[in-house]
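Below is one structure. I have some questions about it.
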Amino acid sequence: MIKITQEKIKRLMPEILIAIISSTAGILMTWWVFINDRTITFVIDAVAHLDFARLFTDSMTPGLSQIGFWPPLLHFLMAPFAMFDIFYRTGLAGAVVLVPLNVIATIVLYRITLNLTHSRLLSLTAALVYILNPFILFYAAVPMMEILSIDIIIFAAYFFLKWQNNNRLKDLIAFAFFVSLSVMARFENIFFIGLGGLLIIVELLRRKKSYSEIEAVSIIFGVVAVIGLGFIMVYGWVYGDNPFLMWTVSSGFTEIEQASKVVKTTSILSKGSFLWSLKYYLAASYYVIGKPLVLLSFISAIGVIVFSRKRYKDILALLFLLFPFIIMIFALYRGTPLYVLEFPPNYFFNLRYALIWMPFIAVAPMLFVSSLRERFFNTFRSKYISGFFIIMICGSLLFITSRNGIMAFQYDYLDYFSPKKQEREQGAIVTYLATQYDFGKIIISRFKGEYLIQKTPLPLRTYIQEGNYKYYKNALDTAWLYARWIIKDKDANRSGLFGDAKLVTIEEIWSKDKDLSRYYELVAQQGNFSLYRINESIVRDYVQEKNLNPSKVPSLNSSITNWNPDTIRQEMEMD
């Protein structure tokens with residue numbers, strides 16, 4: 001039994017205070033996001049993540065195959081909650097996972113800073129600089145991947161420092177484990193495997209360890225660190241016939257051609273230019289973090305290199321926390337879209353990527369102040385003087401950070417990104433299905449239809465989409481035999497991708513197969529979306545003409561909620 005003493009409570013008081021503040025801030029932001037209808041209307045990706053999490057348990061083909069070709073960790077974590085309508089339909093499945101995780105990460109960030117500075121005040125300030133950033137709170141309240149990636153990197157940095165201090169195997173394995181998880185949180189984090197291995201080798205060389213020990217430790221780290229990458233590659237191989245499929249389809253490094261069709265970009269100055277990549281990323285960072293804090297963090301990093309007495313340890317820690325910044329510059333260079341108002345195409349897009357290096361922003365100034373204190377204010381009397389200045393610095397830093405962050409969040413970001421209400425464009429279809437749907441499957445191409453699926457009060461197993469691979473192919477061959485309903489988006493003109501098979505969209509089939517318009521009738525339309533219902537008399541005539549058994553045709557029978565896609569055609573043809 002753990003004995004809680006007054007001395008232990010006093011020692012843990014900063015962590016308790018951080019837990020209270022971060023929990024309260026996270027809950028308040030979640031409440032604000034929810035009542036202002038921004039949980040799932042702010043960005044389309046949030047709905048897509050919810051859908052993937054729900055498809056684990058609610059799909060024509062439930063299970064692992066439904067995680068999609070996107071970093072899967074968030075979908076895994078949300079799946080137990082997304083199976084309940086109260087979390088799925090409201091979008092709160094993300095907050096239920098991310099807000100508590102972010103509270104823990106903030107406490108861990110405090111401990112990282114305490115390990116480096118040995119100052120509770122500086123460490124508390126670093127934690128508050130991180131958690132009081134409104135963008136950090138906002139993206140923990142919506143189902144997006146960035147906060148998850150940040151939190152895992154914080155955990156990895158913590159266990160690296162623990163291993164560095166104690167040389168314990170369990171800390172090394174924990175470090176490798178979180179590096180492995182980071183790859184499943186964001187594909188760009190694959191580079192942390194190499195960085196982690198490099199830092200371990202550098203540390204062991206500094207300790208003058210033998211070659212055999214360096215080799216053994218590196219192998220242990222490597223075996224654990226590549227588990228996440230291995231899972232992703234095996235998934236791509238099994239479900240898509242290509243172990244590198246997740247990068248070729250969804251990776252930020254290669255998605256620019258696809259993304260350009262979505263956002264209709266006019267100019268991408270960052271692609272192929274490290275200078276412009278740096279400009280875009282810094283400008284985005286100024287919006288979501290604040291220019292004073294960004295510049296201060298760079299100055300602080302230089303100051304640590306110059307003044308730190310434990311320079312080696314401090315530099316390795318800062319390098320690990322700064323590494324997401326380096327990764328994102330490389331990603332922008334390769335073509336990942338991130339836009340700001342200052343540069344073409346002159347609008348906001350993916351500014352959340354600038355949050356990835358927020359732990360470095362929070363820790364670097366604290367480490368610099370600590371370095372100055374150790375270097376110049378180490379006597380008994382000067383400690384009081386330095387303590388006064390540290391209090392003033394921390395207070396000013398928190399004031400500037402919160403003021404700039406709130407102003408940017410309110411005026412520069414939220415006002416520009418007012419909820420698009422994309423589901424309103426599909427409101428007529430949602431209303432029709434909610435009131436007139438009788439039975440049968442609805443075929444839809446998974447592109448821009450996420451809001452419609454999420455807002456329509458039907459189980460996701462009602463829909464046939466690309467992830468239901470064989471069912472989808474069946475339905476595209478002769479849609480009227482399998483799908484009672486069709487949802488068509490006139491702008492959805494890109495092919496769905498599933499493995500090496502290029503799955504065309506229902507829109508492409510509609511444009512090529514004129515029979516579809518004969519077997520379906522338009523029943524609702526709004527914006528780009530059209531809802532078609534089967535023309536039952538014409539389909540029955542077709543079934544009779546082809547000598548098919550009408551009792552075996554899914555589109556005509558409410559009792560057929562699922563079927564074997566390999567044998568269904570033969571069953572229809574049986575007498």
Side-chain angles (χ1 to χ4, degrees), residues 43 45-46 48-53 56 64 66-82 93-106 108-109 112 130 135-136 138-160 174-196 224-236 244-247 249-253 255 320-328 330-331 336 338 350 352-360:
V43 59
D45 288 358
H49 291 309
L50 282 169
D51 283 352
F52 282 126
F56 271 103
L64 191 62
Q66 298 302 295
I67 65 173
F69 292 104
W70 222 331
L73 186 59
L74 179 62
H75 307 153
F76 285 145
L77 296 176
M78 289 197 303
F81 302 99
V96 170
V97 171
L98 294 175
V99 170
L101 194 66
N102 208 34
V103 171
I104 297 171
T106 308
V108 171
L109 188 68
I112 289 173
Y130 171 78
F135 296 94
I136 291 290
F138 177 80
Y139 282 105
V142 297
M144 297 293 288
M145 298 184 296
E146 284 67 32
I147 294 301
L148 178 61
S149 178
I150 293 171
D151 292 346
I152 291 173
I153 289 169
I154 290 174
F155 298 149
Y158 173 72
F159 282 106
F160 172 73
F175 171 49
F177 172 73
F178 282 109
V179 168
S180 176
L181 283 185
S182 73
V183 181
M184 298 179 67
R186 282 197 69 87
F187 291 143
E188 296 93 336
N189 291 340
I190 185 176
F191 294 108
F192 270 102
I193 299 175
L195 176 66
V224 178
V226 300
I227 290 175
L229 174 62
F231 169 81
I232 290 170
M233 296 180 70
V234 170
Y235 179 88
F244 304 103
L245 187 62
M246 288 214 177
W247 284 273
V249 173
S250 302
S251 170
F253 299 154
E255 71 177 354
F320 192 87
L321 296 177
L322 181 64
F323 198 60
F325 173 88
I326 299 171
I327 291 175
M328 286 311 305
F330 180 66
T336 294
L338 186 157
N350 285 347
R352 63 186 184 275
Y353 291 165
L355 290 173
I356 298 295
W357 66 313
M358 189 64 198
F360 170 84

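We use all heavy atoms of the structure for the numbers below, so side chains are in, but hydrogens, waters and symmetry mates are not.
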Give the minimum heavy-atom separation between Ala82 and Leu50, together with the two atoms involved.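 Looking at all heavy atoms of both residues, the closest pair is CB-O, 4.4 Å.
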Are any non-hydrogen side-chain atoms of Val142 and Arg352 less than 4.5 angstrom apart?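 No, too far: nothing below the 4.5 Å cut-off.
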Given the rule in the ring pair (Phe, Tyr, Trp, His ring centres under 6.0 Å) test, do Phe175 and Phe320 qualify, once you have shown the distances and angles that lead to the verdict? CA-CA 12 Å; Phe175 171 49; Phe320 192 87; 5.8 Å; yes
Once you round to the nearest 0.5 Å, how far does CD1 of Ile356 lie from CE of Met145?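 That separation rounds to 9.0 Å.
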Compare every heavy atom of Ala185 with every heavy atom of Pro71, then report the nearest pair and how far apart it is.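 For Pro71 and Ala185, the tightest heavy-atom pair comes out as CB-O, 3.3 Å.
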Mark yes or no for whether Ser180, through its side chain, and Ala176, through its backbone, hold a donor-acceptor pair below 3.5 Å.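 Absent.
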Any idea how Phe330 and Phe191 line up, ring-wise: parallel (<30°), tilted (30 to 60°), or perpendicular (>60°)?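 Phe330 and Phe191: perpendicular rings.
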So which heavy atom on Leu98 is nearest to which on Ala140, and how close?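 The answer is CB-O, 3.3 Å.
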Phe231-Phe76 aromatic ring centre distance below 6.0 Å: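 Yes: the rings meet the under 6.0 Å criterion.
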Reported NE2-to-CD distance for the pair His75 and Gln66, which is rounded to 0.5 angstrom: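 If I round to the nearest 0.5 Å, the distance is 12.0 Å.
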Passing candidate, side chain to side chain contact (heavy atoms under 4.5 Å, CB included) with Ser182, options Ile193, Ile150, Ile152: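 Going through Ile193, Ile150, Ile152 one by one, the side chain to side chain contact (heavy atoms under 4.5 Å, CB included) with Ser182 is satisfied by Ile152 alone.
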Backbone N or O of Met144 within a donor-acceptor pair of the His49 side chain at under 3.5 Å?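 No, because the side chain of His49 does not come within donor-acceptor range (under 3.5 Å) of the backbone of Met144.
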Assert yes or no for the condition that the ring centre distance of Phe178 to Phe159 is strictly below 6.0 Å.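 Distance test on ring centres: under 6.0 Å, yes.
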If you measure from CD1 on Ile153 to CG on Asn189, what distance do you get to the nearest 0.5 Å?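 Reported value, rounded in 0.5 Å steps: 4.5 Å.
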Can you tell me how the ring of Phe192 sits relative to the ring of Phe323, calling it parallel under 30°, perpendicular over 60° and tilted otherwise?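 It falls in the perpendicular class, over 60°.
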Among Val234, Val179, Ile190, the one residue meeting side chain to side chain contact (heavy atoms under 4.5 Å, CB included) with Leu229: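 Only one of Val234, Val179, Ile190 forms a side chain to side chain contact (heavy atoms under 4.5 Å, CB included) with Leu229, namely Ile190.
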Are Tyr235 and Ile232 side-chain neighbours, meaning at least one heavy-atom pair lies under 4.5 Å?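 With C-beta onward as the side chain, the pair stays apart.
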I need the minimum non-hydrogen distance between Ala105 and Ile154, along with the two atoms involved.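 In terms of heavy atoms, the two residues are closest at O-CG2, 3.6 Å.
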Would you give the length of the straight line joining atom CD1 of Ile136 to atom CG of Asp151, rounded to the nearest 0.5 angstrom?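 So the CD1 of Ile136 and the CG of Asp151 are separated by 8.0 Å.
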Rounded to the nearest 0.5 Å, what separation is found between the CG atom of Leu101 and the CG atom of Leu77?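 Separation between the atoms: 7.5 Å.
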With rounding to the nearest 0.5 angstrom, report the CH2 to CZ distance, Trp357 to Phe325.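 If we round to the nearest 0.5 Å, Trp357:CH2 and Phe325:CZ are 5.0 Å apart.
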Between Phe155 and Ile104, is a side chain to side chain contact (heavy atoms under 4.5 Å, CB included) present by the stated rule, with each step listed? CA-CA 9 Å; Phe155 298 149; Ile104 297 171; 3.9 Å; yes
Under the side chain to side chain contact (heavy atoms under 4.5 Å, CB included) rule, what do Leu109 and Tyr158 come out as? Steps first, then yes or no, please. CA-CA 8 Å; Leu109 188 68; Tyr158 173 72; over 6 Å; no
Minimum heavy-atom separation for Pro143 and Met78, please, with both atom names.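 Reported closest heavy-atom pair: CB-SD, 3.7 Å.
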Can you find a pair of side-chain heavy atoms, one from Glu146 and one from Leu355, that are under 4.5 Å apart?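 Glu146 vs Leu355: side chains apart.
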Determine the minimum heavy-atom distance between Pro72 and Ile67, stating which atoms define it.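 Heavy atoms of Pro72 and Ile67 come nearest at CB-CD1, 3.5 Å.
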What do the steps show when you test Tyr139 against Asn102 for side chain to side chain donor-acceptor pair (under 3.5 Å), and what is the final call? CA-CA 10 Å; Tyr139 282 105; Asn102 208 34; over 6 Å; no
Check against side chain to side chain contact (heavy atoms under 4.5 Å, CB included), Val96 and Phe81: CA-CA 8 Å; Val96 170; Phe81 302 99; 3.4 Å; yes
